[in-house]
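The structure displayed is predicted, hence computed values, not measured ones.
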Amino acid sequence: MKHRIRQLIDSLPLEHKVGQLFMLAFAGPDVAYARQLVEQYQIGGFYLTDDNAADPQQAAALNLELQKLAALRTVDAPLILGVDQEGAWSVLTRFTDTGPGNLALGVIDDVALTAQQYQNMALQMQALGYNTLLAPCVDVNSNPDNPIIGQRSFGAEPALVSRHSSAAVTAILQTGMLACAKHFPGHGDTATDSHNGLPVVDLSLTQLLDSHLQPFVAAIAADVPLLMTSHICYPQLDSEFPATLSPLILTRLLREQLGFDGVILTDSMNMGAMRRHYGPVQAAVQALRAGADMIMLSEEHYENAVTDYQAIQRQTILGVVAAVRSGELAEAQIDAALQRVLLLRYQLVEPQLRALPPGGDIAALAAQRACAVLRNQQGLLPLQQSFYLQALAEPAEYQQIQNSRGIGPNDPVPASSVVLEQLQQARVQVEVLSWPVIAGWIAQGLSLQQPLVLLTEDYPLPGSRFDLSQQQSRVRQCVTAFGEQVIVMALRSDTELSFYPELPTYLCSYSSRRCSAKALVDVLLGHQLQSGQNM
């Protein structure tokens, strides 16, 4: 196979070689432009979202059409059709069973359950013609203030993240899908979202080997075929370039020291971390020079409205071609990258499109097992009486959870709405309050005769975030005013708990997914009460 691929590469014009190293996105159902990318620019893959296919039928038809176009080229290897199907982020969320996400799976710490959840996600995507999960997210979320990883990570302990990362990779590969571990060498210790800016992690190689690199080592040992880079500066590893552009990180560390011989895929090169510091062509050329094999432009949701993304894509491809012709980038490096990319793509099997296989039972089980009561000092749980309910997030914030590019949680119904729906179905006596009403009670110094359940929420959103400080302030005001009657129901991680030392009652789902919101209602009402620490 390697010899035949080598012969094929030698026969290709430079433009075709370079095009094969790009994984691009396109807006909406613009199949005419997608066709141009395949036929004229010879690209190697697509990053696909709900923006391209809004339901399973559309997805299957689109993926089949794209692969048919690719099969007619000189390089007839299947396209990489990648999706951010990683649990806390996903596509076709209303039709698929994503489970509660990595954080909840890490809290459960049952690698067999993690494997089952990832196998289900992979099989559902495979049934629609996708062949690559841009998952798992193997970042060690060591910084509780991390604005972008959060629930996407299995946790803060390297050994835990490593064993679940390995299980996820193995499960995906067993279905015939490709897995992609991300974001090398680790996005978990950042306080900046790389969709907006360029984060800095000031750790030494020794410190990274003891922590953030461990899950990548585990993923490599599990034969993960792709690794995604991170747009993060590690000044103790490279004082000049962020990881995506660093030969010291991609070639010396990842290739030579860690022994990864698969495909290195960049994170999206139009994220703020890249666009605000480098020109598109400059960044792509440097990434390939550093050791990246594929350049991804996934057209983050904030770009299409303000730029001609198609022009940027074309200019970037042609700019790389020009860089090779001028000697700025060695053609031998292009050939080596293409060898790895084609070796991987020729191993992909033709998809057998079929109905979505069910996966709801595993997703529901995982959501249930993750939920925990972490404080119940007044014995209020399970609730057996009438109560008040208030979702602390501002209503306008919910508009962020589904965006025009289809990345992020992309379920149009927030977790708090699912909670309310489940309570209504359970026919419990609950009065839903607005924050101004509660603030008025606090101002008047009123006391409560029944519990007040406060919903806190957080979502791993690309380029934006809920106002968590406001939620925390409101919880503290309520605890001060109403004391033991306050219950916090967390549709998120439990990292906020340290802000509420006097809060008597707290239960947590470790997820903002629909299945987790349903499970947490069961815990609140005593249908599936789970035990946690600090009771």
Side-chain angles (χ1 to χ4, degrees), residues 103-104 107 141 143-147 150-151 155-156 370-394 397 415-416 419-420 423 428 430-459 465-512 516-517 519-526 529-535:
L103 178 60
V107 167
N141 196 46
N143 185 346
D145 294 325
N146 195 315
Q151 296 168 32
C371 290
V373 174
L374 300 183
R375 290 182 188 167
N376 194 18
Q377 295 168 4
Q378 302 301 319
L380 293 181
L381 299 180
L383 272 181
Q384 303 292 329
Q385 63 184 102
S386 59
F387 58 94
Y388 301 114
L389 179 74
Q390 215 289 291
L392 293 179
E394 287 292 337
E397 292 185 304
S416 55
V419 167
L420 181 58
L423 291 173
V428 298
V430 55
E431 182 178 350
V432 180
L433 304 175
S434 67
W435 177 253
V437 169
I438 296 175
W441 289 355
I442 294 174
Q444 297 172 53
L446 299 181
S447 60
L448 300 183
Q449 302 306 310
Q450 62 185 29
L452 169 63
V453 177
L454 302 174
L455 304 182
T456 60
E457 292 167 89
D458 191 14
Y459 299 81
R465 197 178 191 186
F466 275 39
D467 187 346
L468 302 182
S469 62
Q470 182 186 70
Q471 293 185 36
Q472 292 164 7
S473 173
R474 290 177 173 180
V475 170
R476 288 194 294 267
Q477 291 178 59
C478 289
V479 172
T480 299
F482 308 126
E484 63 187 32
Q485 293 285 38
V486 178
I487 299 170
V488 168
M489 190 172 177
L491 304 165
R492 45 159 296 159
S493 74
D494 63 6
T495 55
E496 65 174 345
L497 193 52
S498 62
F499 292 96
Y500 317 133
E502 298 179 4
L503 174 70
T505 312
Y506 185 91
L507 62 162
C508 185
S509 64
Y510 297 95
S511 169
S512 54
S516 297
L520 200 59
V521 170
D522 284 342
V523 174
L524 179 74
L525 302 180
L529 186 60
Q530 300 290 326
S531 296
Q533 62 270 25
N534 301 328
M535 295 288 286

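- Counting only residues at least two apart or on different chains, no side-chain hydrogen bond (donor to acceptor under 3.5 Å, both in side chains) pair has a member in residues 480-489.
- Remark: Arg465 pairs with no residue by the salt bridge (Lys or Arg N to Asp or Glu O under 4.0 Å) rule, at least two apart or across chains.
- Applying the ring pair (Phe, Tyr, Trp, His ring centres under 6.0 Å) rule to pairs touching residues 474-499 yields nothing, sequence neighbours excluded.
- Looking at residues two or more places apart in sequence or on another chain, you find a side chain to side chain contact (heavy atoms under 4.5 Å, CB included) between Gln449 and Ser447.
- For Phe466, the ring pair (Phe, Tyr, Trp, His ring centres under 6.0 Å) partners two or more places apart in sequence, or in a different chain, are Tyr398, Tyr459.
- The side chain to side chain contact (heavy atoms under 4.5 Å, CB included) test applied to Thr456 returns Leu392, Gln471, Val475, Val488, Ala490, Arg492, Glu496, not counting sequence neighbours.
- Using a 4.5 Å cut-off on side-chain heavy atoms (C-beta onward), Val486 and Thr505 make no contact.
- Taking CG of Asp467 as the start and OG of Ser473 as the end, the distance is 9.5 Å to the nearest 0.5 Å.
- Legend: side-chain hydrogen bond (donor to acceptor under 3.5 Å, both in side chains) pairs involving residues 431-440, not counting sequence neighbours: none detected.
- Legend: residues meeting side chain to side chain donor-acceptor pair (under 3.5 Å) with Gln472, ordered by chain and number and at least two apart, are absent.
- Atoms CD1 and CG, from Ile487 and Leu507 in turn, are 7.5 Å apart once rounded to the nearest 0.5 Å.
- Closest non-hydrogen pair, Leu103 versus Ser493, comes out as CD2-CB, 3.5 Å.
- Smallest separation of non-hydrogen atoms from Leu524 and Met489: CD2-SD, 4.0 Å.
- Across all their heavy atoms, Ala415 and Ala517 have their closest contact at O-CB, 3.6 Å.
- Between Ser516 and Cys371, the shortest heavy-atom contact is O-SG, 4.2 Å.
- Annotation: salt bridge (Lys or Arg N to Asp or Glu O under 4.0 Å) contacts of Glu394 (sequence neighbours excluded): Arg474.
- The shortest distance between side-chain heavy atoms of Val453 and Leu383 falls below 4.5 Å.
- Atom CG of Leu423 and atom CZ of Phe387 lie 4.5 Å apart (nearest 0.5 Å).
- One finds the CD atom of Gln151 at 9.0 Å from the CG atom of Leu491 (value rounded to the nearest 0.5 Å).
- The minimum heavy-atom distance linking Asp145 with Asn143 is given by the pair N-OD1, 2.9 Å.
- For Tyr510 against Ala370, the heavy-atom pair with the smallest separation is CD1-O, 3.4 Å.
- Taking Gln378 as the reference, nothing meets the side chain to side chain donor-acceptor pair (under 3.5 Å) condition, with sequence neighbours excluded.
- Summarising the geometry, atom CD1 belonging to Ile438 is positioned 10.0 Å from atom OH belonging to Tyr388; distances are rounded to the nearest 0.5 Å.
- The side chain to side chain donor-acceptor pair (under 3.5 Å) check on Ser509 picks up nothing, with sequence neighbours excluded.
- Between the CG atom of Leu520 and the OG atom of Ser512 there is a distance of 12.0 Å, given to the nearest 0.5 Å.
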